[in-house]
Chemist: 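Got a structure for you, written out below as structure tokens; questions coming shortly.
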Amino acid sequence: TVLKEPIMKSKIARVRWLTASSVKMWSDLFYYADGQLIWKDLKRRGFNKAGSIAGTLNKGYLYIKSNLLPNKNTPVHRIIWEMHNGPIPKGRVVDHIDRNPLNNNIANLRLVTYSQNSMNAVGKCDKQSRLPKGVYKDWSYKGLTKYRAQVVVGGVVFRVGNLSLEQACNTISLLHEQHQGVYKCT
């Protein structure tokens with residue numbers, strides 16, 4: 001019984017941190033100004049970041065790395081969204097409309113499904129060919145350089161092949177517009 005008390009207090013403190021209103025928690029730590037989080041003056045031992053811009057660049061995104069947070073590596077855009085709109089529902093993510101992960105202005109953020117977020121993702125193009133997202137060399141036409149335009153929506157593949165590069169680029173734009181709407185890669 002002696003060991004249960006500290007464990008229970010520890011669990012209660014952790015659960016309080018995790019289930020507390022995220023808006024209140026974020027508002028206690030930061031304030032928002034022009035797409036950036038600014039540390040508030042926290043009267044905690046050894047914490048001297050008040051007034052400085054919060055976030056560390058990692059893999060193109062800004063993250064908050066702090067023992068003060070329940071998740072020790074939290075993306076800035078998620079915190080900004082929750083400060084303005086409340087908790088992010090399960091199965092949803094915060095998307096940067098302009099695909100710039102450093103533009104965390106609230107007007108540039110929207111809540112989307114994982115599928116919608118992948119539609120707005122930057123294409124992984126072949127570094128040598130520099131083809132736009134959704135345009136691929138069609139290797140089945142030996143001796144001729146032909147391309148195909150391909151989009152995947154909800155697990156369904158929409159593909160048009162045997163095209164010139166110009167035709168493939170025009171076709172992919174039409175496929176994105178038709179099947180992805182506002183979530184299309186711009």
Side-chain angles (χ1 to χ4, degrees), residues 4-124 133-134 151-156 176-186:
K4 283 186 181 179
E5 191 62 26
I7 291 172
M8 290 304 291
K9 283 184 180 175
S10 170
K11 282 185 180 178
I12 289 170
R14 194 169 9 156
V15 169
R16 181 183 56 78
W17 228 173
L18 293 172
T19 59
S21 166
S22 57
V23 173
K24 171 141 176 47
M25 180 176 60
W26 300 139
S27 297
D28 287 345
L29 297 172
F30 312 104
Y31 65 89
Y32 171 83
D34 298 323
Q36 297 179 327
L37 289 179
I38 311 296
W39 285 103
K40 284 188 174 179
D41 185 17
L42 301 174
K43 295 184 171 59
R44 298 177 192 259
R45 183 181 47 155
F47 197 82
N48 191 10
K49 294 185 178 181
S52 64
I53 296 172
T56 302
L57 191 60
N58 185 11
K59 297 181 182 175
Y61 290 86
L62 288 173
Y63 288 88
I64 303 296
K65 297 178 182 182
S66 174
N67 291 334
L68 300 174
L69 304 178
N71 179 359
K72 291 182 182 169
N73 199 12
T74 308
V76 167
H77 61 278
R78 290 180 59 91
I79 295 171
I80 290 172
W81 179 267
E82 288 188 350
M83 286 176 76
H84 287 83
N85 300 293
I88 299 167
K90 187 175 182 180
R92 298 292 180 131
V93 294
V94 178
D95 179 41
H96 291 86
I97 296 169
D98 69 356
R99 294 180 13 213
N100 177 357
L102 298 177
N103 181 359
N104 291 316
N105 191 306
I106 190 63
N108 186 49
L109 303 177
R110 63 182 168 192
L111 200 60
V112 297
T113 64
Y114 292 107
S115 175
Q116 291 166 334
N117 191 43
S118 68
M119 290 177 196
N120 193 35
V122 175
K124 295 177 180 143
K133 180 180 179 180
V151 130
V152 180
V153 179
V156 178
H176 282 303
E177 189 67 42
Q178 183 178 13
H179 296 288
Q180 297 178 339
V182 297
Y183 304 103
K184 68 182 169 64
C185 180
T186 53

Chemist: Output the distance between atom CG (Leu29) and atom CD1 (Ile38), rounded to the nearest 0.5 Å.
Modeler: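 The CD1 atom of Ile38 is 13.5 Å from CG of Leu29, to the nearest 0.5 Å.
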Chemist: On a heavy-atom basis, which atom in Lys40 and which in Phe30 lie closest, and how many Å separate them?
Modeler: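 So the minimum-distance heavy-atom pair works out to CE-O, 3.4 Å.
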Chemist: Minimum heavy-atom separation for Tyr32 and Ile106, please, with both atom names.
Modeler: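 Shortest heavy-atom separation between Tyr32 and Ile106 comes out as OH-N, 2.9 Å.
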Chemist: Looking at residues at least two apart in the chain, or sitting in another chain, which of them share a side-chain contact (heavy atoms from CB on, under 4.5 Å) with Val93?
Modeler: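 Partners of Val93 under the side-chain contact (heavy atoms from CB on, under 4.5 Å) test: Val112, Tyr114, Asn117.
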Chemist: Can you tell me how far apart CG (Asn105) and CG (Asn100) are? Round to the nearest 0.5 Å.
Modeler: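 Between atom CG of Asn105 and atom CG of Asn100 there are 11.0 Å.
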Chemist: Can you tell me how far CG of Leu37 sits from CG of Asn104, rounded to the nearest 0.5 angstrom?
Modeler: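 Output value for this atom pair is 7.5 Å.
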Chemist: Ignoring hydrogens, what is the shortest heavy-atom contact between Leu111 and Pro89? Give both atom names and the distance.
Modeler: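 Answer, listing the atom of Leu111 first, then Pro89: CD2-CD, 3.6 Å.
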Chemist: Looking at His96, is its backbone amide N or carbonyl O close enough to the side chain of Asn103 to form a donor-acceptor pair, meaning the two atoms are under 3.5 Å apart?
Modeler: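 Side chain of Asn103 to backbone of His96, a donor-acceptor pair under 3.5 Å: no, none is there.
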Chemist: To the closest 0.5 Å, what do you measure between CG (Asp95) and CG (Leu109)?
Modeler: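 Answer rounded to 0.5 Å: 8.5 Å.
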Chemist: Determine the minimum heavy-atom distance between Trp26 and Thr74, stating which atoms define it.
Modeler: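 For Trp26 versus Thr74, the nearest heavy atoms are CH2-CG2, 4.1 Å.
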Chemist: Using 30° and 60° as the class boundaries, would you call the ring planes of His77 and Tyr61 parallel, tilted or perpendicular?
Modeler: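 Plane angle between 30° and 60°, so tilted.
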Chemist: For Ala54 and Ile64, work out which heavy atoms get closest and say how close.
Modeler: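 Closest heavy-atom pair between Ala54 and Ile64: CB-CD1, 3.4 Å.
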Chemist: State, to 0.1 Å, how close Ile88 and Glu82 come at their nearest heavy-atom pair, and which atoms those are.
Modeler: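 The answer is N-OE2, 3.4 Å.
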Chemist: Please report the interatomic distance CG(Asn58) to NZ(Lys65), rounded to the nearest 0.5 Å.
Modeler: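 It is 4.5 Å, given to the nearest 0.5 Å.
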